[in-house]
Novice: 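The structure under discussion is supplied below as structure tokens; questions concerning it will follow.
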Amino acid sequence: MSPVLVAASAYGASRVRQLGQSHFIDVVADAGGAGIEIRRELFTSDLPDLARMGAAVAARGLYSVYSTPIELWGADGLLQQELLQQMLDEAARLGARYLKVSLGHYPDAPDLQALNAQLAAAPVALLVENDQTAHGGKLSTMARFLAAARDDGLPVGLTFDIGNWRWVGEDAQQAARLLAPYVRYVHCKAVLEDAGRLSACAVSEADPAWRAVFAHFAPGVQRAIEFPLEGADLVAETGRYIQMLEAA
């Protein structure tokens, strides 16, 4: 099976909110993807029927990752247990393979025992992503968290976002070397800089930088398109990049 998923956000926030994320399940399946990343922030109002959405994903032979814009640790440095539990429950209703969150304001003395106990009873595995924030996306902070999680036996993996390191002034290649043992899922995108403003853009065959990080990861690691997909034939466009990412 292809190790490539597609983040629903790749099809554009306005289009996805208009058509609904379920609309793109068929696009991803017809393009040869392995799964779809459902984004909580793209729901328009109340939560949809997550169980029904999950059934539609499974019916096409796909699996899902549930991406939520929450931080494990709040601005007060406290573990956001109630919010995390809500997201875990939603991910379970969706039938997701993983719940993806951000690290947040990871404190000097975190309560990892409470997190461990919560995750031990969770029906969905947890992935923490390097995001675009200075407090939650820096390499040193992420490395400290992941090492502590490993030492405490926490069932947590890393979503390695290749492009996000640029937002926090870190080198993706160095991050890949240091964090490779923890990587379970890779967000693929290139970064365009225009007058100091950064934005996500499509990876290209001519740019070896994004592909180089895969040399540090386990063969066949799950990876996702997280850059804009456009054009009249979205299935063909999606399929073209799925093949590119498969070869990484």
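The first residue of the sequence shown is numbered 1, and numbering continues consecutively from there.
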Novice: Quick one: which residue pairs count as a salt bridge (charged side-chain N to carboxylate O under 4.0 Å, His left out) with a foot in residues 62-72, not counting sequence neighbours?
Specialist: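 For residues 62-72: none.
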Novice: Please identify which of these residues, I162, I225, L245, meets the side chain to side chain contact (heavy atoms under 4.5 Å, CB included) condition with V203.
Specialist: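 Passing option: L245.
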Novice: Within a 6.0 Å radius of atom CD on Q113, are there more than 12 heavy atoms belonging to other residues, nucleotides or ligands?
Specialist: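 Atom CD in Q113 is not packed in, count stays at 12 or less.
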Novice: Quick one: are I70 and R40 in side-chain contact, heavy atoms under 4.5 Å?
Specialist: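 SC-SC contact between I70 and R40 ruled out.
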Novice: Applying side-chain contact (heavy atoms from CB on, under 4.5 Å), name anything that partners A148, two or more places apart in sequence or on another chain.
Specialist: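 Partners of A148 under the side-chain contact (heavy atoms from CB on, under 4.5 Å) test: Y106, L112.
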Novice: With sequence neighbours left out, what residues match Y185 under side-chain hydrogen bond (donor to acceptor under 3.5 Å, both in side chains)?
Specialist: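 Testing Y185 for side-chain hydrogen bond (donor to acceptor under 3.5 Å, both in side chains), a comparison that skips the adjacent residues, returns E37.
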Novice: Can you pull the salt bridge (charged side-chain N to carboxylate O under 4.0 Å, His left out) pairs that have at least one residue in residues 119-145, sequence neighbours excluded?
Specialist: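 Residue pairs passing salt bridge (charged side-chain N to carboxylate O under 4.0 Å, His left out), neighbours aside: K100-E129, K138-E170.
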Novice: Using the rule that Ile, Leu, Val, Met, Phe, Trp and Tyr join whenever any side-chain heavy atoms are under 4.5 Å apart, tell me whether L126 and L5 fall into a single cluster.
Specialist: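 Each belongs to a different hydrophobic cluster.
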Novice: Between Q21 and I38, what is the shortest heavy-atom contact and its length?
Specialist: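 Closest approach of Q21 to I38, heavy atoms only: OE1-CA, 3.4 Å.
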Novice: Taking the side chain as C-beta and beyond, is there a heavy-atom pair between V128 and Y182 under 4.5 Å?
Specialist: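 Of all side-chain heavy-atom pairs linking Y182 with V128, none is under 4.5 Å.
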Novice: How many angstroms lie between CD in E90 and OG1 in T68, if you round to the nearest 0.5 Å?
Specialist: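 Interatomic distance, E90 CD to T68 OG1, rounded to 0.5 Å: 8.0 Å.
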Novice: Show me the side-chain donor-acceptor pairs of residues 192-199 shorter than 3.5 Å, one per line, residues at least two apart or across chains.
Specialist:
residue: E193; atom: OE1; partner: R166; partner atom: NH2; Å: 3.2

Novice: Let me check something: do W73 and L78 share a hydrophobic cluster, defined by ILVMFWY side-chain heavy atoms less than 4.5 Å apart, either directly or through other members?
Specialist: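 In one cluster: no.
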Novice: Which residues pass the side-chain hydrogen bond (donor to acceptor under 3.5 Å, both in side chains) test with D89, sequence neighbours left out?
Specialist: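 D89 satisfies side-chain hydrogen bond (donor to acceptor under 3.5 Å, both in side chains) with Q85 once adjacent residues are dropped.
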Novice: Might you point out which heavy atoms bring V235 and A31 nearest each other, and give the distance in Å?
Specialist: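 Taking every non-hydrogen atom into account, O-CB, 3.5 Å.
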Novice: Measure from the side-chain N and O atoms of Q222 to the backbone N and O of R184, and report whether any donor-acceptor pair falls under 3.5 Å.
Specialist: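 Judged by distance alone, yes, a pair lies under 3.5 Å.
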Novice: Please identify each residue that fulfils side-chain hydrogen bond (donor to acceptor under 3.5 Å, both in side chains) with N164, with sequence neighbours left out.
Specialist: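 Once residues adjacent in sequence are excluded, the partners of N164 under the side-chain hydrogen bond (donor to acceptor under 3.5 Å, both in side chains) criterion are Q132, D161, K189.
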Novice: Looking at every heavy atom in both F214 and C188, which two are closest together, and how far apart are they?
Specialist: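 Looking at all heavy atoms of both residues, the shortest contact is CZ-SG, 3.7 Å.
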Novice: If I compare all heavy atoms of A172 with all of F160, which pair ends up nearest, and what's the gap?
Specialist: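 Closest pair (atom of A172, atom of F160, distance): O-CZ, 3.4 Å.
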Novice: Just verifying a value: how many Å separate R17 CZ and S9 OG, rounded to the nearest 0.5 Å?
Specialist: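 Nearest 0.5 Å value for the CZ-OG distance: 10.0 Å.
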Novice: Spell out, yes or no, whether F43 and V6 are grouped together once hydrophobic residues are joined by side-chain heavy atoms under 4.5 Å, including indirect joins.
Specialist: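 Yes, F43 and V6 fall within the same hydrophobic cluster.
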Novice: Just do the side-chain contact (heavy atoms from CB on, under 4.5 Å) check on R93 and L47 with the steps written out, would you?
Specialist: CA-CA 11 Å; R93 292 206 301 276; L47 283 179; 3.9 Å; yes
Novice: Please check if L127 and L115 belong to a single hydrophobic cluster, counting links between Ile, Leu, Val, Met, Phe, Trp and Tyr side chain heavy atoms closer than 4.5 Å.
Specialist: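 Shared cluster, no.
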Novice: For residues Y98 and L83: do they belong to one hydrophobic cluster (side chain heavy atoms under 4.5 Å, members Ile, Leu, Val, Met, Phe, Trp, Tyr)?
Specialist: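 No, it is not one cluster - the side chains of Y98 and L83 are not joined through contacts under 4.5 Å.
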Novice: What residues, two or more places apart in sequence or in another chain, satisfy side-chain contact (heavy atoms from CB on, under 4.5 Å) together with Q174?
Specialist: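 Residues passing side-chain contact (heavy atoms from CB on, under 4.5 Å) with Q174: L139, D171, R177, L178.
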Novice: Taking ring-ring contact (aromatic ring centres under 6.0 Å, His included) as the definition, give me every residue that meets it alongside F24, ordered by chain and number, with sequence neighbours left out.
Specialist: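 By the ring-ring contact (aromatic ring centres under 6.0 Å, His included) rule, F24 matches Y11.
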Novice: Quick one: are V124 and R97 in side-chain contact, heavy atoms under 4.5 Å?
Specialist: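 They are not in contact (no side-chain heavy atoms under 4.5 Å apart), so the answer is no.
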Novice: Residues in side-chain hydrogen bond (donor to acceptor under 3.5 Å, both in side chains) with H105, at least two apart?
Specialist: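 Testing H105 for side-chain hydrogen bond (donor to acceptor under 3.5 Å, both in side chains), a comparison that skips the adjacent residues, returns H135.
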Novice: Any chance the side chains of E82 and Q86 put a donor and an acceptor closer than 3.5 Å?
Specialist: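 Result is no, nothing qualifies.
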Novice: Salt bridge check: are E230 and R15 linked by an N-O gap of less than 4.0 Å?
Specialist: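 Salt bridge flag = no for R15 with E230.
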Novice: Which heavy atom in L88 sits nearest to a heavy atom in L99, and how many Å separate them?
Specialist: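 The answer is CD2-CD2, 3.6 Å.
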Novice: Please assess Q243 against V4 for the test side-chain contact (heavy atoms from CB on, under 4.5 Å), listing each intermediate value before the final yes or no.
Specialist: CA-CA 9 Å; Q243 292 177 7; V4 183; over 6 Å; no
Novice: Pairs under 3.5 angstrom only: tabulate donor-acceptor contacts from the side chains of residues 50-60 to other protein residues two or more places apart or in another chain.
Specialist:
residue: R60; atom: NH1; partner: D26; partner atom: OD1; Å: 2.8
residue: R60; atom: NH1; partner: D30; partner atom: OD1; Å: 3.3
residue: R60; atom: NH2; partner: D30; partner atom: OD1; Å: 2.9

Novice: Considering all heavy atoms of both residues, which atom of W210 and which atom of A248 are nearest to each other, and what is their separation?
Specialist: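 Where W210 meets A248 most closely, the heavy atoms are CZ3-CB, 3.9 Å.
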Novice: What donor-acceptor contacts under 3.5 angstrom involve side-chain atoms of residues 151-159, with partners at least two apart or in another chain?
Specialist:
none

Novice: Could you walk me through whether E246 and I242 pass the side-chain contact (heavy atoms from CB on, under 4.5 Å) test, one step at a time?
Specialist: CA-CA 6 Å; E246 279 179 338; I242 283 175; 4.0 Å; yes
